[in-house]
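Structure record follows, encoded as structure tokens.
Bear in mind that the values here come from a model prediction, so they are computed numbers and not experimental data.
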Amino acid sequence: MGENRDEELQNIISRAVAGDKVAFSMLYDCTIQNVSGTVRFLLDDKAGFEDVVQEIYIEVYKSLPKFDLGRSFHSWVIGIAIRQVNSYRRKTWRLFRLLEKNRQYETQGIEPDFAANVADRLDSRELVEQIDRLPYKYRQVIVLRYLHEYSQEEIARVLGIPIGTVKSRIHTALRKLKGGRSAEEYFLRKVGERHGL
């Protein structure tokens with residue numbers, strides 16, 4: 001069954017590379033939920049959400065001919081999403097610094113905006129708010145490990161960092177979250193419930 005799904009996905013990717021817009025639309029449909037959830041968790045500037053998602057899919061479209069069919073397509077797309085979020089954060093930080101020199105910074109209270117499916121997956125609002133307060137590098141590994149259920153090896157590949165760094169960041173992030181070990185147990189229990197374990 002999994003092999004058939006992989007063959008079907010490879011067929012859709014090949015058709016999209018050949019210019020089939022319907023095939024690319026199918027790739028969009030099967031990845032947008034994970035992409036938008038990742039962007040909402042990692043992007044501090046919620047106003048830039050739509051721009052970043054659009055840039056992600058432009059990059060997916062441009063890079064699709066170079067995609068290695070031996071890799072996980074979903075991991076590859078999430079890797080592009082993270083790079084685009086990082087790029088957007090760098091651009092907005094530079095712009096912020098320039099504006100700060102010209103005028104006094106006015107604080108705006110922007111409410112956190114989480115996709116409903118993400119909130120369902122992590123149904124503890126308090127825990128979601130704690131994740132949102134984590135420094136970005138820790139938020140990345142928590143989202144990839146517990147929201148997308150990537151292995152530590154996959155996270156290392158997606159982020160382009162050593163596996164030891166991944167382990168260290170997950171450990172530190174869990175420690176910073178409420179109760180450390182209880183946060184990890186909570187995440188693992190939620191993952192188990194999704195898979196009927």
Side-chain angles (χ1 to χ4, degrees), residues 1-95 110 112-122 128 131-132 136-137 139-161 166 190-191 194-195:
M1 177 111 173
E3 247 178 70
N4 290 341
R5 223 177 283 154
D6 289 345
E7 284 178 27
E8 185 181 340
L9 182 60
Q10 288 177 3
N11 181 315
I12 294 169
I13 291 169
S14 298
R15 288 175 26 218
V17 168
D20 184 335
K21 291 179 180 169
V22 172
F24 187 78
S25 183
M26 292 168 75
L27 294 176
Y28 173 88
D29 289 343
C30 78
T31 57
I32 186 61
Q33 190 173 5
N34 283 341
V35 166
S36 60
T38 300
V39 173
R40 285 190 192 282
F41 258 102
L42 297 179
L43 195 64
D44 295 327
D45 174 14
K46 304 304 180 195
F49 172 79
E50 288 179 18
D51 291 338
V52 172
V53 170
Q54 183 177 5
E55 288 300 318
I56 289 165
Y57 282 99
I58 289 170
E59 187 59 34
V60 167
Y61 183 80
K62 289 190 320 194
S63 302
L64 201 53
K66 296 179 271 184
F67 172 68
D68 174 5
L69 292 172
R71 290 185 61 195
S72 161
F73 180 70
H74 291 278
S75 295
W76 180 74
V77 171
I78 293 298
I80 289 174
I82 287 176
R83 287 190 295 279
Q84 289 299 324
V85 168
N86 289 344
S87 173
Y88 181 83
R89 286 168 50 92
R90 280 192 300 274
K91 286 180 200 167
T92 55
W93 177 247
R94 283 194 295 267
L95 179 63
I110 299 174
D113 178 22
F114 297 108
N117 65 311
V118 174
D120 287 344
R121 285 186 170 193
L122 301 173
V128 170
I131 291 169
D132 195 41
Y136 182 71
K137 66 183 182 179
R139 203 176 336 151
Q140 275 183 325
V141 295
I142 290 295
V143 167
L144 291 174
R145 178 72 184 107
Y146 297 105
L147 180 66
H148 294 298
E149 300 172 31
Y150 286 177
S151 69
Q152 293 177 348
E153 292 80 9
E154 287 175 311
I155 295 170
R157 264 196 314 276
V158 166
L159 297 179
I161 59 177
V166 171
K190 287 295 166 193
V191 169
R194 284 207 301 277
H195 295 288

query = Mind checking what makes salt bridge (charged side-chain N to carboxylate O under 4.0 Å, His left out) contact with Arg15, not counting sequence neighbours?
reply = Asp20
key: Donor-acceptor contact present, side-chain Arg145 to main-chain Ser151, <3.5 Å   = no
key: Spacing of CD1 belonging to Ile78 relative to CG belonging to Leu144, to within rounding of 0.5 Å   = 7.5 Å
Exercise answer: donor-acceptor pairs, residues 47-56 side-chain atoms, under 3.5 Å, sequence neighbours excluded:
none

task = For Thr31 and Tyr57, work out which heavy atoms get closest and say how close.
result = OG1-OH, 2.7 Å
query = Should the ring pair Trp76 and Phe67 be called parallel, tilted or perpendicular, given that the plane angle runs from 0 to 90° and is split at 30 and 60?
reply = tilted
Closest contact, heavy atoms only, Leu42 versus Arg139 = O-NH1, 3.4 Å
query = Can you check whether Ile142 reaches Phe41 side chain to side chain, under 4.5 Å on heavy atoms?
reply = no
task = Starting at OG of Ser14, measure out to CG of Leu64 and round the result to the nearest 0.5 Å.
result = 8.5 Å
request  = Rounded to the nearest 0.5 Å, what's the gap from OG1 on Thr38 to CG on Leu43? Could you check?
outcome  = 11.5 Å
note = Between the CE atom in Met26 and the CD1 atom in Ile13, the distance rounded to the nearest 0.5 Å is 11.0 Å
query = Looking at Leu69 and Gln10, what are the two nearest heavy atoms and their distance?
reply = O-NE2, 3.5 Å
ask   = Within the side chain of Ser36, is there an N or O that forms a donor-acceptor pair under 3.5 Å with the backbone of Gln33?
value = yes
ask   = Would you say the side-chain atoms of Ser25 pair up with the backbone N or O of Lys21, donor to acceptor, closer than 3.5 Å?
value = no
note = When every non-hydrogen atom of Ala23 is compared with those of Ala16, the smallest separation belongs to CB-N, 3.6 Å
query = Can you list the residues that meet the salt bridge (charged side-chain N to carboxylate O under 4.0 Å, His left out) rule with Lys62, with sequence neighbours excluded?
reply = Glu59
